[in-house]
Amino acid sequence: MPVPYPEDYFAIQLIFAHRMAALAQVSPRAALLEHTSLYKLLGVPGDFDATQPVWRDLLACVDERAEAGEQARAIYRFYLNHLPSIPNATEERHWRCFAYQWRPALGAIRIHFSNEDAPEPGALSHQRFAARLAELRAMFAVARAEWPDAEQVIGRSWLYNLASYRRLFPPAFGASAMPVEPELQYRALWDQFLLSDGSLHRAHADDFLARLAALTDPACCADCFPFQVMHAHAAVGAFYAFYDV
């Protein structure tokens, strides 16, 4: 069973959804679907399909008239009850902190990161640098064998803002990272509010909530987040050379 996210992680997303519903003049239910990562957090199948039973069950437990904090508590209780049935990333093929998806339409290997290391000294610390490189080397050896026609590697995460993450990849890959539109429905954006031990990053959350309170234009909502989601890409050969596979 996955380790549960903290309740405060849900609370800041509910506050954001309430603010966006008011500014963008959308329904609270639409805001929950479009402006939080709840759908993915609950492991709901499909591509943000509001008719899925799990999503409908979630909405049934939420009083639309309630404040964000009360809604967050109701949603968190639902999440904990549903937790045993949520797919766990470690149940899928992975190399400790890394996994990949094959994107045939792009001829691309897409990198995914999940912190599966101990809280200290930290998955991206210099002490764990060699371990992360070993994971990536093993992963790309498999990827090269499985997808010999791959042309590029892509990644999309807030983590590409961090030098400690970019150094794990070929220099050209990190240098290519550019901000993209905020992906409000994905943990690739929201996980910047978590510390390595899984608790809420209070400083990031406080900064976010202060900016959100001052927000007047919903089109500028990306400015509320301390870090933007970045897209990175490079030729796959650069990775084979970098990891010597």
Side-chain angles (χ1 to χ4, degrees), residues 1-20 32 35-44 58 68-69 71-73 75-80 82-83 86-92 94-99 111-129 131-132 135 155-168 177 179-180 182-212 221-232:
M1 186 172 69
V3 176
Y5 286 92
E7 184 174 346
D8 286 348
Y9 180 70
F10 288 74
I12 62 170
Q13 296 194 46
L14 266 291
I15 293 170
F16 180 75
H18 271 230
R19 183 68 173 154
M20 293 300 291
L32 286 180
H35 297 91
T36 75
S37 65
L38 290 177
Y39 195 99
K40 292 298 183 182
L41 285 170
L42 293 169
V44 185
L58 170 73
Q71 287 189 1
R73 286 188 289 273
I75 288 173
Y76 194 65
R77 288 193 297 270
F78 180 91
Y79 162 72
L80 292 178
H82 188 65
L83 191 62
I86 297 175
N88 190 345
T90 59
E91 295 172 357
E92 301 174 355
H94 66 288
W95 290 261
R96 191 68 180 270
C97 290
F98 292 96
I111 297 172
H112 294 280
F113 175 86
S114 176
N115 188 353
E116 304 299 336
D117 210 335
E120 298 296 337
L124 300 180
S125 65
H126 69 273
Q127 295 98 319
R128 303 299 291 152
F129 177 71
R132 299 290 85 82
E135 293 160 10
R156 185 168 291 201
S157 172
W158 72 273
L159 286 165
Y160 293 103
N161 291 279
L162 306 180
S164 57
Y165 190 65
R166 295 194 306 270
R167 68 185 178 184
L168 297 171
V180 295
E183 297 182 314
L184 302 172
Q185 297 167 302
Y186 291 91
R187 285 169 288 179
L189 174 67
W190 290 100
D191 278 4
Q192 65 185 278
F193 296 109
L194 295 174
L195 293 169
S196 59
D197 64 359
S199 62
L200 190 73
H201 195 306
R202 180 56 60 184
H204 284 180
D206 288 347
D207 181 31
F208 169 73
L209 294 174
R211 296 186 195 187
L212 181 62
C221 66
D223 295 338
C224 296
F225 292 86
F227 295 106
Q228 303 305 311
V229 171
M230 310 285 280
H231 176 81

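All figures in this text were calculated on a predicted structure; none of them were measured in a lab. Values below: every heavy atom of this structure, side chains too, minus hydrogens, waters and symmetry copies. One is the number of the first residue; the rest follow in order along the sequence.
Using a distance-only test at 3.5 Å, with no hydrogens or angles considered, a donor-acceptor pair links the side chain of R96 to the main chain of E116. Judged by distance alone, the side chain of S37 and the main-chain N or O of Y186 form no donor-acceptor pair under 3.5 Å. Put simply, the side chain of R156 never gets that close to the backbone of V229: no donor and acceptor are under 3.5 Å apart.
Side chains of Q185 and T36: no donor on one and acceptor on the other come within 3.5 Å. A donor-acceptor contact closer than 3.5 angstrom is absent between the side chains of E135 and H94.
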- side-chain contact (heavy atoms from CB on, under 4.5 Å) between V180 and M230: does it pass, once the steps are laid out? CA-CA 6 Å; V180 295; M230 310 285 280; over 6 Å; no

- Item | Worked verdict on W158 versus Q228 for side-chain contact (heavy atoms from CB on, under 4.5 Å) | CA-CA 6 Å; W158 72 273; Q228 303 305 311; over 6 Å; no

- L32 and L58: side-chain contact (heavy atoms from CB on, under 4.5 Å), yes or no, with the steps? CA-CA 10 Å; L32 286 180; L58 170 73; 5.6 Å; no

- Task: Please step through side-chain contact (heavy atoms from CB on, under 4.5 Å) for the pair N115 and L194, ending with a clear verdict.
- Result: CA-CA 10 Å; N115 188 353; L194 295 174; over 6 Å; no

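Ring to ring, F208 and W190 are close: their centroids are under 6.0 angstrom apart. Ring to ring, F98 and F113 are close: their centroids are under 6.0 angstrom apart. The ring of H204 has its center closer than 6.0 angstrom to the ring center of F227.
The line from CG of L41 to CD of Q13 is 6.0 Å long, rounded to the nearest 0.5 Å. For the atom pair I86 CD1 and L80 CG, the distance stands at 9.0 Å (nearest 0.5 Å). Between atom NE2 of residue H201 and atom CG of residue D207 there is a gap of 10.0 Å, rounded to the nearest 0.5 Å. For the atom pair S125 OG and D117 CG, the distance stands at 7.5 Å (nearest 0.5 Å). Rounding to the nearest 0.5 Å places CZ of R132 at 13.5 Å from NE2 of H126. Atoms OH and CG, from Y76 and L14 in turn, are 13.0 Å apart once rounded to the nearest 0.5 Å.
A salt bridge is absent between R211 and D223: the closest approach of a Lys/Arg side-chain nitrogen to an acidic carboxylate oxygen does not fall below 4.0 angstrom. Using a 4.0 Å cut-off between a side-chain N of Lys or Arg and a carboxylate O of Asp or Glu, E7 and R73 do not qualify as a salt bridge.
Across A123 and R128, no two heavy atoms sit closer than the pair O-CB, 3.7 Å.
L38 places none of its side-chain heavy atoms less than 4.5 Å from the side chain of V44. Considering only heavy atoms from C-beta on, H82 comes within 4.5 Å of L42 through its side chain.
Residues forming a side chain to side chain contact (heavy atoms under 4.5 Å, CB included) with L184 (at least two apart in sequence, or on another chain): F16, H35, P182, L189, C221, F225. By the side chain to side chain donor-acceptor pair (under 3.5 Å) test, Y5 pairs with R187, sequence neighbours left out.
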